[in-house]
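Here is the structure we will look at, set down as structure tokens.
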Amino acid sequence: MGQSLGKLLWTTDAAEKEQVQLMKASVLLQRKNLFDLNDQLARVGDNISQLAGQDVEFTLVSVGVDEETGLGKRSISADLEGWLWKENSIEADKGETYVVSFKVAKDFGTPGAILVENHHPNWFFLKNIMLHTSSEVLYFSCNSWVYNYRHYDAPRVFFTNQVYLPSQTPGGLVDLRYSELEQLRGDGKGERLRPHRVYDYDVYNDLGDPDKDVELYSRTILGGSTEFPYPRRCRTGRSRANADPSSERPVELPELVYVPRDERFKRIKKSDFLGSAMKSFSHGAIPVIERMLEGKKSFDNMDDIKDLYANGVNLHSNDIMPLSEQEKLAGLLEPFEILKEIVDPETEDPHILTFPKPQLIQENEKAWSEDDEFARQMLAGLSPMVIERMREFPIMSKLDPDIYGERTSAIRADHLLKNLHGLTIHEALAQHRLYIVDFHDVFLPYIERINALEGKAYASRTVLFLTKEGILKVLAIELSLPPTKDKPKSSRVFLPPSSSSHENLKWQLAKAHVATNDAGYHQLVSHWLQTHASIEPFIIATNRHLSAMHPLNVFLVPHFKNTMNINAIARKILVNAYTGQFLIGGIIERAFSPGRYSMELSSVAYKSWRFNEQGLPADLLKRGMAVKDPSAKYGLQLLVEDYPFAVDGLEIWWAISKWVKEYVEIFYKDAETVKKDVELQRWWKEVTEVGHGDTKEGWVDMKDVSELEEVLTTLIWLASAHHAAVNFGQYTYAGYMPNRPTMGRMLIPEEGDEEHHLMLSNPEGFFFRAVSTRTQAIIVMAILEILSTHANDEEYLGQRTETPYWSTDEEVLNASKRFTACLNEVEANISRRNQDSSLLNRRGAANIPYTLLSPFSAEGLTGRGIPNSTSI
């Protein structure tokens, strides 16, 4: 294409050549809409518009200033050529290439921007533009939906891939730089509609539906208060609920929650299938599953679970209604179309919902129940970032004792001493041999309310001992219930049993209650809060204050891809209120122990959230899992040397930090450059004072290059590696419900309780009556399979597939290549470590190699790979 266009550049006659020059652009776009790019009626409408002279107009803008207007020189508008002659049988994922021919004056100078006005009734996705001048080829990375011009106050503007700090902006582009940002900021008024591209902030006031039932379906507003602080979400401006004017009226499926148009998934991509899958599965398949499993509340035994992988769930049912046209336009897929994608590919009947056997039980079906595997998963499993080194004994709560009872843990020295290999408590602490997973203070304030619902939970503590072999041994589990009007605080301590099957079942139940705490905390805090929710304000501020031609905008774009869209889907389906059986959404509330208090609980965790503690080294130091050591490779010494998440993570962190440093120092030569970058300073001020305005501590001043590098490294880490570590192993470990039940349904019986005899008479059956129901388990398994699946178009850390459109700067591209090479080396190192039999925590009894931080992956359910962004 480039060579053929080059031959066409100078085809004007000799007289005209003296006055003008011809520039030709190759424009790649995809017609029509988000979900149906081959809509024939839309093509007819656009063609009629084209014949009537209402076409798509392009105007070049020079970096030089027109002396008469004081603005960048403009070309005469040029039309998109060949619109009427494109065949309709296109491949939607490739789009269509058109030509635009510009005639400009000889002294026009270098083009810096293109203005676009779409006079067609329908919109299109403008992917990129390649412009040929007499001396060079210029690239425009657009990636934007362009609606009819009446939706905008001014033409759409797209800049070349040449980046500028604000003070370096060529004179001809200054007005466009700032007018574009003003459009993206909007005026903060009115409801945002589908064509809009406005980024603004709001609190989380859209999780419930008070108009259905104020008492049952209202949810606490998160954000904007000291009691319930929270990161901000994107403002939609929807109408307020009649029953509670402070709450936004929720949207009903199939309506789409507003996000700025360019944040919406492109239906042509597999990643959009994953988002649509969650919507469609919730809308179509879950109600059928619930109806079909009525009367089959609990699994009967382990074989009942295994049957899901062998034979699945038969969803032959007339209850599944076909989608309406409106639902299809909103992006929902037929439930059985979803099933075809997530069932076993060898299953011929798409009505049979089956599940692949999780890695956890592929080689050893009983490994999950072993204590050592239970402990190993705290270092190398789905939730490896909650374990802490114990620094004091006895263990103390920070909760108010007047409200929550005795602060001192019920775990005593004699509970631990017999398994400390001859050490005293003081010696074990001094040698960094005692560790703890402590959910006590997060859960205890909610336990009474949780236990008044379907769930039955404790606030747990688990104490572990690091052996000389480098593995963790579980020493004790404490399960606590808060004081009530009738009873004082109750704390029970469970110890690993010796042989008694009676005590063994209680021990397995104690571990199950720890797992339900961990499942809720992992999903709501380590996953949702620390990646999805905490990143959204950065995305909003970036679009409001960092111009598309700012080097940091270009740098951050791949790490924000699809995050706002998946967050909107989550607020509509996953973390919103569960409003009753067979109704849409509320998957976390209906299937996880915290129930209706799930999001509130994440707000409590946010009270201690500090941005300067979110990077991996700072996190390890905070948890006491490492100490500073200038002689160590990364300046840190891990106290558990075989800590797979930390070992692999530090290599990833170091690679990111080197890439950030190389990139930043191309543009920022000293502290003054940072301080005088007005867009950067406004961005940081808004992130810290508005987007994360409820948190006043933990922010750097943004006054020098090192602080900027720290912020960017942390942000990229959260969006990529942190998210990968907590997301893509979900099916591996939680796809087998007994290993990580998300719901506890019975407390552990005590001697003399009515349930105690039942527990002794049928231990296996009692276990399944005490954890997630059959329906809850199947819903969670299906959603986690979707969430754990890589798209075929995934862009992984170190990859920028839009070269040369994103940059043609040799210095930048060379640094990018070094980053990719570094990640390839990390991948090889991880593979080597996984083959080292002396590293006992990398595989464990289940023989699962730790690959969650291996940078790259194939498509599918792989348990590896670090995408650039938090996109699922």
Side-chain angles (χ1 to χ4, degrees), residues 180-194 196-208 219-241 245-251 256-264 528-547 552-553 556-557 559-560 562-572 575-576 599 602-603 606-607 609 611 614 679-696 698-699 702 711 715 718-719 870:
E180 172 75 354
L181 287 174
E182 286 176 5
Q183 288 187 32
L184 291 169
R185 285 194 288 269
D187 59 7
K189 299 175 183 177
E191 181 174 1
R192 291 299 161 205
L193 304 176
R194 183 169 179 158
H196 292 171
R197 302 170 57 244
V198 175
Y199 294 77
D200 205 352
Y201 303 93
D202 208 343
V203 295
Y204 278 68
N205 62 353
D206 63 338
L207 300 174
R219 291 296 179 267
T220 300
I221 294 173
L222 306 181
S225 70
T226 55
E227 185 178 8
F228 296 109
Y230 220 64
R232 299 300 189 265
R233 65 170 176 94
C234 181
R235 178 186 176 277
T236 68
R238 292 198 305 267
S239 59
R240 300 304 177 95
S246 62
S247 293
E248 193 170 83
R249 194 188 304 275
V251 298
L256 293 168
V257 177
Y258 169 79
V259 293
R261 192 64 176 91
D262 293 342
E263 303 295 335
R264 186 68 68 187
W528 167 257
L529 173 64
Q530 293 181 337
T531 60
H532 290 266
S534 70
I535 289 170
E536 185 154 344
F538 286 92
I539 302 174
I540 297 171
T542 296
N543 285 278
R544 287 167 61 86
H545 292 292
L546 297 181
S547 166
L552 296 185
N553 182 305
L556 289 172
V557 160
H559 305 293
F560 294 158
N562 293 337
T563 301
M564 288 181 69
N565 190 59
I566 201 67
N567 286 3
I569 292 172
R571 294 199 313 273
K572 187 174 178 178
V575 300
N576 61 326
M599 286 294 281
S602 72
S603 172
Y606 182 65
K607 290 181 179 181
W609 183 93
F611 183 75
Q614 300 307 299
E679 290 184 9
L680 171 62
Q681 294 302 325
R682 289 169 185 161
W683 174 78
W684 188 240
K685 179 179 174 65
E686 193 166 276
V687 165
T688 59
E689 296 183 6
V690 182
H692 279 281
D694 297 337
T695 296
K696 306 303 181 185
W699 304 107
M702 195 59 78
V711 167
L715 193 51
L718 291 175
T870 300

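These numbers come from the heavy atoms of this one structure, side chains and all, not from hydrogens, waters or symmetry mates.
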Quick test of your reading: applying salt bridge (Lys or Arg N to Asp or Glu O under 4.0 Å), list the pairs with at least one residue in residues 529-545, sequence neighbours left out, ordered by first then second residue. Asp200-Arg544, Arg544-Glu686
Close side-chain approach of Glu263 and Phe560, heavy atoms under 4.5 Å: no
Of all residues at least two apart in sequence or in a different chain, which pass the side chain to side chain donor-acceptor pair (under 3.5 Å) check with Ser247? Asp244
Could you state the interatomic distance from CG (Asp206) to CZ (Arg571), rounded to the nearest 0.5 Å? 5.0 Å
Glu248 with Arg233: basic N within carboxylate O range, under 4.0 Å: yes
Test side chain to side chain donor-acceptor pair (under 3.5 Å) applied to Thr688 - qualifying residues, sequence neighbours left out: none
Quick check for you: to the nearest 0.5 Å, what is the distance between Ile569 atom CD1 and Asn565 atom CG? 4.5 Å
Kindly say whether Tyr230 contributes a backbone atom to a donor-acceptor pair with the side chain of Asp694 at under 3.5 angstrom? yes
In chain order, what residues pass the ring pair (Phe, Tyr, Trp, His ring centres under 6.0 Å) check against His532, with sequence neighbours excluded? His527, Trp528, His723
Atom pair CZ/NZ of Arg235 and Lys189 - distance to nearest 0.5 Å: 10.5 Å
Can you name the residues that form a side chain to side chain donor-acceptor pair (under 3.5 Å) with Lys607, not counting sequence neighbours? none
Correct closest heavy-atom pair for Pro260 and Met564 would be CD-CE, 3.7 Å
Got a second to check how far Leu552's CG is from Leu715's CG, nearest 0.5 Å? 10.5 Å
The side chain to side chain contact (heavy atoms under 4.5 Å, CB included) partners of Val711 (sequence neighbours excluded) come to Phe611, Trp683, Trp684, Val700, Met702
Euclidean distance, Ile540 CD1 relative to His545 NE2, rounded to 0.5 Å: 11.0 Å
